[in-house]
Amino acid sequence: MGKSIYKRLSGSQNLRQRLVLATLSATPVLIEDIRTDDTWPGLRHHEVSFLRLLEKICDDCAVEINETGTKLKFKPGIVMGGRNLVHDCGLTRSIGYFLEPLIVLGLFAKKPISIKLKGITNDSKDPSVDTFRSTTFPMLKRFGVPSEGLELKIENRGSPPLGGGEVFLAIPVVQSLTAVKWTDEGMVKRIRGVTFSTRVSSQFENTMVFAARGIFNSFLPDVHIFTDHRAGVHAGNSPGYGISLVAETTSGCYLSADTAISYTHEEETAGLEDEKKKLMPPDEVGVQIASVLLGEIEQGGVVDSTHQGLLFLLCALCPPDVSKVRVGKLSPYGIETLRHIKDFLGVQFVITADPTTGTVMLKCIGCGLKNLSRKVS
């Protein structure tokens, strides 16, 4: 065996994506200057936790971090998968941070993955577990991922800062993905959603539903928002409430928006000195998230801005055939994804603006990634 040649990168941005692409393309990476100028330099807790998760699902994966955490050496192995795995995601980021990369890697594993993830299920930074179930899974099915074996079960909810949530995730394996031509976003025909509340009154949910419906009913009658009030052990360790909304279009596209309201670590501890920071009232939450979803619909495109990165990645991993997709305004995360895809997979997208609709068309020829480790029956 010759000496591994490491791809040199710097900075802490998009670490998750770099590690996923390094694993799929079997490229060892050396990342330097990770937050060297910060007061607390180096890798954060959630980034180290993600590396530990990669070690759990991969075989022969080598991770080296220097003493200050500002330099990371990562040599990817084979994604093995496995059953009955358990991972604690920590309390600095929610489970949604770990789900997206885990799903992509799980599709190209040797065996189907079934894993229990513990931590925060809903927060305001990352997509909630409800959004993954209602929006991400239908998107995967377009790329030929079978619905049998694809499952996400919320066993316990967990809000920041103390978490306590539990989620069960099952991912099937695929031989390869299917190239898509997905350019018709259609018209919105129905709105679905779910609210949650933990360790607060269930009335909060009814208020959010009433406020959100008040906006949507001006446009269409088919609006159903379900409630999910948790109590006792299923409610986690902190009070919180939130809402996840999905707009389904006539052409089978799903656009989502979600948020969660809860206390942060600082507010929990600083409550003695002055009165706790007032949380946003549930009626305002309902109005705000309904407005955000209407903004996503107005932008156009077959996916919302939070799913752009995953859409581009799946297109790039398709067989060597043309994939064509339409999105609204490119998000910063989407733009970074396109750059990383070009670096690691050598796939370049042809981007053309559509001035009549204000959307962007992207075309690419996939890199033809095949799951060679999967057992052929």
Side-chain angles (χ1 to χ4, degrees), residues 46 88-99 116-135 152-168 191-217 223-246 256-293 306:
H46 54 271
D88 190 342
C89 298
L91 301 172
T92 48
R93 287 296 280 266
S94 76
I95 291 170
Y97 175 86
F98 299 84
L99 281 177
K116 187 179 274 188
L117 299 166
K118 299 180 178 181
I120 293 165
T121 54
N122 303 75
D123 76 351
S124 51
K125 284 186 208 159
D126 301 296
S128 71
V129 286
D130 305 288
T131 300
F132 273 92
R133 207 158 50 171
S134 60
T135 310
L152 182 63
K153 205 186 289 175
I154 304 162
E155 292 176 353
N156 299 338
R157 293 265 179 193
S159 298
L162 302 176
E166 266 185 32
V167 166
F168 172 78
I191 304 274
R192 292 289 178 267
V194 62
T195 62
F196 83 93
S197 59
T198 59
R199 301 196 175 276
V200 295
S201 164
S202 58
Q203 190 57 42
F204 279 40
E205 293 184 74
N206 300 333
T207 311
M208 281 189 285
V209 171
F210 185 75
R213 280 185 66 105
I215 288 180
F216 290 130
N217 283 142
V223 180
H224 284 286
I225 303 171
F226 303 95
T227 57
D228 181 17
H229 178 66
R230 299 290 178 113
V233 70
H234 298 297
N237 305 324
S238 294
Y241 53 91
I243 183 168
S244 168
L245 296 175
V246 182
S256 64
D258 64 49
T259 191
I261 304 295
S262 60
Y263 292 109
T264 60
H265 271 296
E266 298 79 33
E267 286 152 17
E268 287 276 300
T269 50
L272 299 172
E273 291 134 36
D274 49 53
E275 198 182 339
K276 268 187 190 167
K277 182 186 159 205
K278 289 256 191 311
L279 296 181
M280 189 189 287
D283 55 339
E284 284 181 30
V285 175
V287 170
Q288 183 201 54
I289 208 65
S291 307
V292 169
L293 184 59
T306 52

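Along the sequence shown, residues are numbered consecutively beginning with 1. Just so it is clear, the model here is predicted, and its values are computed rather than measured.
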For Arg192 and Phe226, which heavy atoms make the closest approach, and how far apart are they? CD-CE1, 4.3 Å
Tell me the closest heavy-atom pair linking Asp88 and Gly90, and the distance in Å. OD1-N, 3.0 Å
Can you tell if the side chain of Asn206 reaches within under 4.5 Å of the side chain of Val209, non-hydrogen atoms only? no
Side chains of Pro161 and Ser238: does their closest heavy-atom pair fall under 4.5 Å? yes
Side chains of Asn122 and Asp258: is there a donor and an acceptor less than 3.5 Å apart? no
Tell me, do Tyr97 and Lys125 make a side-chain contact under 4.5 Å, heavy atoms counted? no
Which of these passes side-chain contact (heavy atoms from CB on, under 4.5 Å) with Asp130: Leu152, Thr135, Val194? Val194
Roughly how far, to the nearest 0.5 Å, is the CE atom of Met208 from the CG atom of Leu245? 10.0 Å
Taking atom OG of Ser256 and atom CZ of Phe132, what is their separation to the nearest 0.5 Å? 9.5 Å
Side-chain donor/acceptor of Asn237 to backbone N/O of Leu162, under 3.5 Å: yes
Least distance between heavy atoms, Phe204 atom then Pro282 atom: O-CB, 3.5 Å
Roughly how far, to the nearest 0.5 Å, is CZ of Arg93 from CZ of Phe98? 8.5 Å
With side chains defined as the heavy atoms from C-beta onward, is the minimum distance between Lys116 and Val167 less than 4.5 Å? no
When rounded to the nearest 0.5 Å, the distance separating CG of Asp123 from OG1 of Thr264 is 11.5 Å
Starting from the C-alpha separation in whole Å, work towards a yes-or-no answer on side chain to side chain donor-acceptor pair (under 3.5 Å) for Thr131 and Ser244. CA-CA 6 Å; Thr131 300; Ser244 168; 3.1 Å; yes
Identify the two heavy atoms, one from Val129 and one from Leu99, that lie closest to each other, and give their separation to 0.1 Å. CG1-CD1, 4.0 Å
Over all atoms of both residues, closest heavy-atom pair of Ile215 and Ala290: CD1-CB, 4.0 Å
Would you say the side chain of Ile95 lies within less than 4.5 Å of the side chain of Ile120, judging by non-hydrogen atoms? no
Looking at Pro160 and Ser262, what are the two nearest heavy atoms and their distance? CD-OG, 3.2 Å
For the residue pair Ile225 and Val223, establish whether any side-chain heavy-atom pair is separated by less than 4.5 Å. yes
Would you say CZ of Phe210 has more than 12 non-hydrogen atoms from neighbouring residues, nucleotides or ligands within 6.0 angstrom? no
Just checking, any donor-acceptor pair under 3.5 angstrom between side chains of Thr198 and Ser159? yes
Check whether any side-chain N or O of Thr121 sits under 3.5 Å from a backbone N or O of Gly158 as a donor-acceptor pair, and report yes or no. yes
Only pairs at least two apart or in different chains count here, so list each salt bridge (charged side-chain N to carboxylate O under 4.0 Å, His left out) that has a residue in residues 225-239. Arg157-Asp228, Asp228-Arg230
Side chain of Asp283, backbone of Gly286: donor and acceptor closer than 3.5 Å? no
So, taking the atom named CD in Glu284 and the one named OG in Ser291, what distance separates them when rounded to the nearest 0.5 Å? 11.0 Å
When rounded to the nearest 0.5 angstrom, what is the spacing between CD1 in Ile154 and NE2 in His234? 13.0 Å
With distance as the sole test, does Arg199 use its side chain to make a donor-acceptor pair with the main-chain N or O of Gly236 at under 3.5 Å? yes
Tyr241 side chain reached by Leu279 side chain, heavy atoms, under 4.5 Å: yes
